[in-house]
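Data first, discussion second: the structure below is written as structure tokens.
Computed from a prediction, not measured in an experiment: that's the story for all the values here. Note that ligands are numbered from 1 as they come in the structure, with each ligand's atoms numbered from 1 the same way.
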Amino acid sequence: MTAFAYRDGHYFAEDVSLRRIADACGTPFYCYSRAAVEARYDAYVEALKDFDALICYAVKANSHQAIIKLLADRGAGADVVSEGELRRALAAGVPAAKIVYSGVAKTVREIEFALQQNIRQFNVESEPELEEISAAAVRLDKTARVSFRINPDVDAGTHEKISTGKSENKFGVPLESASYAYEKAVGLPGIEVCGIDLHIGSQITSLTPFAHAFARVAELAEKLRKDGLTISTIDLGGGLGVNYDEKNDHAPSPAEYVGVVRDTLGHLDCNFIVEPGRSLVGNAGVLVGSVIYVKKSGQSTFLIIDAAMNDFLRPSMYDSYHAIVGERDSGAKNVMYDIVGPVCETGDTFARQREMPAQESGDLIVIEGAGAYGSVMASSYNTRPLVPEVLVDGDEFRIIRKRPSYDSIIGLDLDWESA
Ligand SMILES: *Cc1c(COP(=O)(O)O)cnc(C)c1O
């Protein structure tokens, strides 16, 4: 299913033309397709149907309440990495019993809040963190269900800033210290060991790193069980990539991914948690801006649009490729553009040397694959207001977050006298 496509020469999100939305809320804006999110979620459900599995949406990919809610309504749990995300998941109606708490270093305050909510499990990343969880559980008279996040030391073959499963990364407990960590956990009050967790990185487009990591986890699970531990749940993390570039990316489907799970871990007869983020929402959203000016400078022709790096950080942060198209499939002669925003940084570049039909001031420009790690990473650098978010469902759309006013942004600052 393609939720975003040209029809009769105009670009549509489901059955709503982007021009209609732009007329209602101005540009730039994020636009999400409900059908696209649900189709990806359903693909995971179908792939996992032979297993006792819980799909915990990794909220950090896109934490808008409406997105979490539509997944929760379909039965999804949530994977959170902060108290704020935990509160968002609860507010959107995810039952605490379906929420797992991941994250490199949870503070005492965050641990206590999560214990009070009776969340499903903590994915623990270090021994000091385990000790804090135990102490907090005793104080609050609770039992914390814990898994250790194991760092399996595999190369996910992804961008270095989103690779997390190598031994030099800050994440998790090294495989060789795992037995010791589990032994320690068993002896601590307020702690109930329930399984093993891992998450090796993001935008992974090959099954090989998953296969290697899962095989190491299978070996560890067998060893821990021999030592008498209960390993009933394996949390596989997220990380499955999406096709940002239809021509060159070949991300595996959820079904192919689950095939690897079956081959490497199926014999353990345990239940599974998966934590997909990007692969649920990445291609279910676009960022829409409009052309401010077309500027010729030396050899280059710059398409300067009103969306910028503060709205969508991925291209400048990760050098990520995103397909970029015009609102009209105009048939105009192709031009080679550098597509940039107006922010005072050279890094404010969405694409270099992209060939597309000639554009004019006011034309809408669509940056595809912006549903994950888009709005959540936005800032108001250059005092540019956070951009509105829009959800499309069939031939209807709603503005699910408004553009803040300049007064409300400036009003957050207190001067010395009023502070
Ligand atoms: C970021 C993250 C995810 C989601 O990763 P995606 O690549 O978006 O699927 C899942 N689990 C943990 C622990 C994470 O940090």
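Crowding of Asn334 atom CG: a count of heavy atoms from other residues, nucleotides or ligands under 6.0 Å exceeding 12.
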Please test His322 against Arg314 for side-chain hydrogen bond (donor to acceptor under 3.5 Å, both in side chains), starting from the C-alpha separation and ending with a verdict.
CA-CA 9 Å; His322 288 268; Arg314 297 194 72 258; 2.8 Å; yes
Step-by-step side-chain hydrogen bond (donor to acceptor under 3.5 Å, both in side chains) determination, Tyr244 to Arg278
CA-CA 11 Å; Tyr244 286 117; Arg278 187 191 311 272; 2.7 Å; yes
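Note: Phe122 and Tyr101 have parallel aromatic rings, judged against thresholds of 30 and 60 degrees for the angle between ring planes. The aromatic rings of Phe148 and Tyr182 stand perpendicular to each other, their planes meeting at an angle above 60°, with 30° marking the opposite boundary.
Although no hydrogens or angles enter the test, the distance criterion places a donor-acceptor pair under 3.5 Å between the side chain of Asn151 and the main chain of Phe171.
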What short N/O contacts, under 3.5 Å, does ligand 1 make with the protein, listed by atom pair and distance?
residue, atom, partner, partner atom, Å
ligand 1, 7 (O), Ser202, OG, 2.3
ligand 1, 7 (O), Gly239, N, 3.4
ligand 1, 8 (O), Arg278, N, 2.8
ligand 1, 8 (O), Tyr373, OH, 2.5
ligand 1, 9 (O), Gly239, N, 2.9
ligand 1, 9 (O), Gly277, N, 2.9
ligand 1, 11 (N), Asp79, OD2, 3.2
ligand 1, 11 (N), Glu275, OE1, 2.6
ligand 1, 15 (O), Lys60, NZ, 2.7

